[in-house]
There are 2 protein chains.
Amino acid sequence: MEPVPPPNNQSTVPAPDKTRLSRELVLSTALALVDSEGLEALTMRRLGQELNRDPMSLYRYAANRAALLDGVTELVLNELAIFPQDPDWQSQLRQIAHDLRLLALRHPNVVPLLVTRPLSTPLGLRPLGTLRPLEQILSLLIDAGFEPADALHVYRAYYGFLYGHILNELQEYIVDPEENEALLRLGLHRLPPKEFPRLRALGPVLADYDGAAELDQGISILLSGLAAPLARAGTSTKPL
Amino acid sequence: MEPVPPPNNQSTVPAPDKTRLSRELVLSTALALVDSEGLEALTMRRLGQELNRDPMSLYRYAANRAALLDGVTELVLNELAIFPQDPDWQSQLRQIAHDLRLLALRHPNVVPLLVTRPLSTPLGLRPLGTLRPLEQILSLLIDAGFEPADALHVYRAYYGFLYGHILNELQEYIVDPEENEALLRLGLHRLPPKEFPRLRALGPVLADYDGAAELDQGISILLSGLAAPLARAGTSTKPL
DNA sequence: AGACGCTTGTCTACGGTGTAGACGTTACGC
DNA sequence: GCGTAACGTCTACACCGTAGACAAGCGTCT
């Protein structure tokens with residue numbers, strides 16, 4: 001019966017603003033929450049509490065939790081800026097790859113969403129922000145001289161590799177680099193030597209991993225391979 | 001107080017076997033459930049009901065739900081047989097790639113687990129079945145003449161691309177090929193023409209997607225690029 | 001001014017979830 | 001046979017997403 005608001009028992013959130021909510025505010029708070037505490041911390045109730053609102057108010061800005069996740073995905077992907085000013089499509093793609101990699105490292109907890117959400121939504125029905133990179137890269141490739149269909153193939157190979165690399169890198173990336181080595185060794189030590197001799201021997205090498213370099217090399221290999229059909233661009237019908 | 005067991009009110013499950021449970025039985029039933037009804041259908045209660053047991057009995061075979069998911073992942077990965085008999089490492093890797101692709105198509109609902117679970121577990125602490133392909137491929141590459149460290153790099157590029165491709169393919173793969181075209185067009189039609197001209201124009205091309213071919217080409221590009229350091233193997237001590 | 005309707009936020013309630021802990025019950029080695 | 005450990009069940013709790021009814025604020029039109 002006491003209408004007095006309890007004296008703010010959570011100390012983390014400094015701003016109990018009662019300003020109007022907005023989709024942007026909801027989504028960016030959700031992203032902040034995911035970034036700091038992981039995906040499973042993003043519940044409707046928790047997000048409501050973070051915004052100092054009833055959980056149900058969120059449903060005005062996202063139809064349900066899945067839509068909210070899509071929103072976060074879109075928000076993150078919007079951080080990826082693609083400027084097609086550079087005439088060299090190869091260096092362009094290389095640049096985008098590094099940008100996306102850094103984006104993923106900035107929001108590691110969102111990466112599962114990035115790779116997983118599209119699996120449950122047909123391409124055409126995905127949030128527009130999600131499709132924009134695709135459109136832009138297609139455009140970039142077509143402008144560079146690729147037939148549209150070939151551009152699609154190139155895109156697939158390129159983006160596939162890129163996502164794969166990001167997943168790879170994030171797997172070996174442990175939050176605390178201090179205990180990384182220790183944990184890694186501990187883990188490796190657990191492996192039966194008879195069954196995993198190679199892996200165990202690679203312990204030190206696994207420890208230091210230059211993701212940017214590795215990505216760059218992979219991209220180089222891929223690009224040189226993909227550029228081939230452009231070189232002999234007489235027939236647009238067959239390859240790729 | 002009445003000790004009489006209620007006369008079996010659920011009619012769905014045909015096999016009310018009351019045989020002893022086992023980890024294998026639990027996991028394979030879980031996998032079957034995921035395959036047929038998707039990841040979100042795999043709840044402890046539902047799985048218990050599928051096995052005609054109290055949900056709590058499952059905790060004797062998996063510490064918690066996360067461990068259960070790991071178990072399913074491992075089970076699926078065990079379907080991947082790697083026989084290092086073929087002396088040609090390139091064709092070997094190509095073979096594995098196709099095998100893994102088919103595995104993913106056989107268990108599309110498990111793919112999110114495949115790419116996501118490792119993100120939450122440090123490499124050394126993952127289920128052994130999960131690490132076995134890694135070990136085997138490393139072994140394969142080292143036997144082929146790669147320095148261990150180089151083998152790791154090759155593995156990363158290769159597996160990265162492979163996982164990326166699988167994700168890509170599954171994204172464009174819609175369950176019902178009948179309504180695929182329709183849904184796709186519907187979806188594409190929704191896109192603002194001004195903003196997505198390229199994507200919209202590619203509708204027909206998007207519709208037919210030969211995943212195997214696309215994968216094969218990508219692998220070819222990658223392998224030819226990766227084989228280069230082997231060719232100029234001056235610094236290498238290993239005899240081929 | 002008043003009345004209207006739309007948007008926003010709140011409240012209550014329901015069925016579902018994972019799982020801790022105590023408790024029978026069964027199987028098996030001795 | 002007995003004792004012990006593994007197995008299965010039960011109850012209970014805190015938490016989850018969200019349907020549906022409702023209150024409060026707002027701008028617009030008359």
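All heavy atoms count here, side chains included; hydrogens, waters and symmetry mates do not. Each chain gets a letter, A, B and so on, in the order the sequences are listed, and its residues count up from 1.
Remark: B/Arg190 pairs with no residue by the side chain to side chain donor-acceptor pair (under 3.5 Å) rule, at least two apart or across chains. Remark: A/Glu169 engages A/Arg101, A/His165 in a side chain to side chain donor-acceptor pair (under 3.5 Å) (not counting sequence neighbours). Listed by chain and number, the residues in a ring-ring contact (aromatic ring centres under 6.0 Å, His included) with B/Tyr159 are B/Tyr155, B/Tyr163 (sequence neighbours excluded). Residues satisfying the side chain to side chain donor-acceptor pair (under 3.5 Å) criterion with A/His98, sequence neighbours excluded, are A/Asp216.
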Just list the side-chain donor-acceptor pairs under 3.5 Å for residues 124-135 of chain A, sequence neighbours left out, or say none.
residue	atom	partner	partner atom	Å
A/Arg126	NH1	A/Pro118	O	3.3
A/Arg126	NH1	A/Thr121	O	2.8
A/Arg126	NH2	B/Gln171	OE1	3.1
A/Arg132	NE	B/Glu195	OE2	2.9
A/Arg132	NH2	B/Glu195	OE2	2.8
A/Glu135	OE1	B/Leu199	N	2.8
A/Glu135	OE2	B/Arg198	N	2.9

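As a whole-Å value, the separation of B/Gln49 CD from D/dC10 P is 14 Å. Residue B/Leu51 contributes atom CG, which lies 15 Å from atom C1' of D/dT9 at whole-angstrom precision.
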N/O-N/O pairs, protein side and nucleotides 15-21 of chain C side, under 3.5 Å:
residue	atom	partner	partner atom	Å
C/dT17	OP1	B/Thr43	OG1	3.4
C/dG18	OP1	B/Met44	N	3.3
C/dG18	OP2	B/Met44	N	3.0
C/dG18	N7	B/Arg45	NH1	2.4
C/dG18	O6	B/Arg45	NH2	3.2
C/dT19	OP2	B/Tyr59	OH	2.9
C/dT19	OP2	B/Arg65	N	2.8
C/dT19	O5'	B/Tyr59	OH	3.4

What does the list of N/O pairs under 3.5 Å between the protein and nucleotides 6-8 of chain D look like, with a distance for each?
residue	atom	partner	partner atom	Å
D/dG8	OP1	B/Leu21	N	3.1
D/dG8	OP2	B/Tyr61	OH	2.6
D/dG8	N7	B/Arg60	NE	3.0
D/dG8	N7	B/Arg60	NH2	3.0
D/dG8	O6	B/Arg60	NH2	2.2

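Applying the side chain to side chain donor-acceptor pair (under 3.5 Å) test to pairs two or more places apart or on separate chains, those with a residue in residues 24-45 of chain B are B/Asp35-B/His107, B/Glu37-B/Arg46. Annotation: side chain to side chain donor-acceptor pair (under 3.5 Å) contacts involving residues 59-77 of chain A, sequence neighbours excluded, comprise A/Asp70-A/Arg117.
Checked by atom type and distance alone, the side chain of A/Asn109 never pairs as donor or acceptor with a backbone atom of A/Leu39 at under 3.5 Å.
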